[in-house]
J.: 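Handing you a structure now.
Within every chain, numbering begins at 1; the chains are lettered A, B, ... in the order of the sequence lines, protein sequences first and strands thereafter. As a basis for the values below, the full set of heavy atoms in this structure was taken, side chains included, without hydrogen atoms, waters or symmetry mates.
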Number of protein chains: 2
Amino acid sequence: MSLSNFFLKSDELVVRKMSSALKTLQLLSHFSATSPEIGLSALCRLAKRDKATTHRHLQALEEVGFVEQNPLTRQYRLGPALLQLAQTREMTVPRKEIALPILKRLADQTGETTHASILSGTTVFALASCESTQHSTRVVIDLDRFPLHATASGLSTLAFGPDELMAVAAKNLEAFTDHTINSVESLEEMVQSVRETGFGRTIRSFEHEVSSLAAPVFDETGNLAGAVSVACVATRFSPDLERNCQEHLITASRDLTRGWGGTTPQRIEAIWAATLSKSHELETKS
Amino acid sequence: MSLSNFFLKSDELVVRKMSSALKTLQLLSHFSATSPEIGLSALCRLAKRDKATTHRHLQALEEVGFVEQNPLTRQYRLGPALLQLAQTREMTVPRKEIALPILKRLADQTGETTHASILSGTTVFALASCESTQHSTRVVIDLDRFPLHATASGLSTLAFGPDELMAVAAKNLEAFTDHTINSVESLEEMVQSVRETGFGRTIRSFEHEVSSLAAPVFDETGNLAGAVSVACVATRFSPDLERNCQEHLITASRDLTRGWGGTTPQRIEAIWAATLSKSHELETKS
DNA sequence: ACCAATGGTTCACAATATGAACCGATAAGC
DNA sequence: GCTTATCGGTTCATATTGTGAACCATTGGT
């Protein structure tokens, strides 16, 4: 969504043509839980587009009910037609319903907050989450999008998703904490280690008090579909807990992949097995 | 959505120009619970559009995650980005959450199945429904769109919604049963009576065994926002039950209107009061 | 009364959308 | 095993459509 309109190709600058339909639809991505209503001018600034054009686009969106105008403030907000379509989508592919019981179980097993996310285009969207009731302190993250470079889910997605994502991630290395990855080099290093272990892993890199572990989820083609993650209160994140999370993340990922119509690729299973046996070795030694 | 591209204006035929964004978005309206996956050629036929164009439109939709291709069948279906946007919409305007308890109460009070619907553009779509557990026979209608001419909710919408709807309704007088309204004249007559009573009313006009009563719901501008309805098993639909439904529909509509940020217009309240006192008169006479 | 926002509109110009014809693959008919 | 009919997808000359600087009308602050 936030891809630039330009890209470099064998030393020459190429202008990526965009259908106006695409430009229109991209306007929708600026609405979020934190800014649910946006005025025309504000939206122009956000989208870096002309006022007349943006207005025409909004009118098209309004006509099909994708946005509506708050008649009092004249600001725009997402429209009711989205509910209708989302309902239909859920009937077709009820990923959320499938995810919820799996997240619940994972939360019970680990005692921490669990998340499921979906890769759509180049964005990792939050699908559902579940808080454990075992501890009085627990992680409450209300995200709609998981930053690729700063979250365990994002790193899993980078490691096992389409290669183009790396370029997108590299363009936005926002520093959420002083542990956030801040260079393309260290990002690549991190992603490499995720590929080797089969788990995305972040220590206080998105929120100061949170450490997180994630596993990739796949669809019916064997391509990455999303991720499932455990967000632990950082002070609780011991090697023991990590091992526990890894084990249960694997079954959760397997079940989610199966529920979404796919099968976990053999190569991923192999990576997980290797990681688990390695951490088992360490544990028995100590 | 199903508006024609042509309209008559002071005796001359004018071609309505449509932005390609609009055409693109309109493709989405062909997906429904009953046909959740559609192939390229099939969609061309449904939308009556060119294959190349439709394909380009689908690609734009795919890029933002509004559709995705089932990789096995190559058919298209609604995409995951819709879930995300619908979630955001519900955070902004939680109409569904607000409607559910009201529908529950209405179902308890009437002993029948209740529905809430929203007008979006020229489509009345289902928002939520609630089944009563009082009777072993009950109405289960799994609709995502309410036909304007054949349902009580549709008639309420026609009667109190924007005038343009009438033209849309007149274009599609599909006969669901032999009680379905089948001429523009009788439709106009029906709508007129809805305007006089304040209630949409259909007897076996959509399903053979169902009679239904509906009241309009309004938003913060005083415009029609949707409808709330009771779908009764037709054999149970006595004058007594009708009166009971009317009374409780009024409070349900008031509460919904208020919950959605509006106030029930005085003229509607007046119409309802008149209808109730009339039916009360009849009741005491007999 | 003024200025600086806002939402919205116009019109000459330029870019994008369009669809008939096309390709390659798969499935059915015989 | 050859023909035919679909399917999803692509090409390219044509013309319809999109674009944005400049514009207007309102509103709210000073």
J.: When you check the phosphate oxygens OP1 and OP2 of dA17(C), does a side-chain N or O of Arg49(B) lie under 4.0 Å from one of them?
T.: no
J.: Do Arg254(B) and Glu269(B) pass the salt bridge (charged side-chain N to carboxylate O under 4.0 Å, His left out) test, and can you show the C-alpha distance, the side-chain angles, and the key distance before you say yes or no?
T.: CA-CA 9 Å; Arg254(B) 277 200 205 110; Glu269(B) 291 283 9; 2.7 Å; yes
J.: What is the distance, to the nearest angstrom, from the CG atom on Leu43(A) to the C1' atom on dG20(D)?
T.: 16 Å
J.: With sequence neighbours excluded, what pairs up with Glu37(A) under the side-chain contact (heavy atoms from CB on, under 4.5 Å) test?
T.: Asn70(A), Thr73(A), Gln75(A), Arg77(A), Thr92(B)
J.: Between Lys23(A) and Ser41(A), which residue's closest nucleotide on DNA chain C lies nearer the 5′ terminus?
T.: Ser41(A)
J.: Just jot down the salt bridge (charged side-chain N to carboxylate O under 4.0 Å, His left out) partners of Asp144(A), sequence neighbours excluded, or say none.
T.: none
J.: Among residues 50-58 of chain B, which residues get a heavy atom nearer than 4.0 Å to DNA chain C?
T.: Asp50(B), Ala52(B), Thr53(B), Arg56(B), His57(B)
J.: Report the nucleotide, chosen from dG8(C), dG9(D), dG18(D), that has the shortest atom-to-atom distance to any side-chain atom of Ser20(A).
T.: dG18(D)
J.: According to the Watson-Crick and G-U wobble definition with distances under 3.5 Å, which dot-bracket string, read 5' to 3', encodes DNA chain C, using [ ] for crossing pairs and | for pairs with another strand?
T.: ||||||||||||||||||||||||||||||
J.: Taking only residues two or more places apart in sequence or in another chain, which ones pass salt bridge (charged side-chain N to carboxylate O under 4.0 Å, His left out) with Arg89(A)?
T.: Glu68(B)
J.: Just to be sure I understand the rule, does Gln69(A) reach a base, reach only the sugar-phosphate, or reach nothing, if contact means heavy atoms closer than 4.0 Å?
T.: sugar-phosphate
J.: Tell me yes or no: between the side chains of Ser32(A) and Thr88(B), is some donor less than 3.5 Å from an acceptor?
T.: no
J.: Where is the tightest heavy-atom contact between Leu82(B) and Phe66(B), given as atom of each residue plus distance?
T.: CD1-O, 3.6 Å
J.: Rounded to whole Å, how long is the line connecting atom CZ of Arg45(B) with atom C1' of dA5(D)?
T.: 12 Å
J.: Between Glu37(A) (CD) and dT6(C) (P), how many Å, whole number?
T.: 16 Å
J.: Using OP1 and OP2 only, check whether a side-chain N or O of Tyr76(A) sits under 4.0 Å from dT6(C).
T.: no
J.: Without swapping roles, check the side chain of His149(A) against the backbone of Asn172(A) for a donor-acceptor pair under 3.5 Å.
T.: yes
J.: So, using ring pair (Phe, Tyr, Trp, His ring centres under 6.0 Å) as the criterion, who are the partners of His57(B) when residues are at least two apart?
T.: none
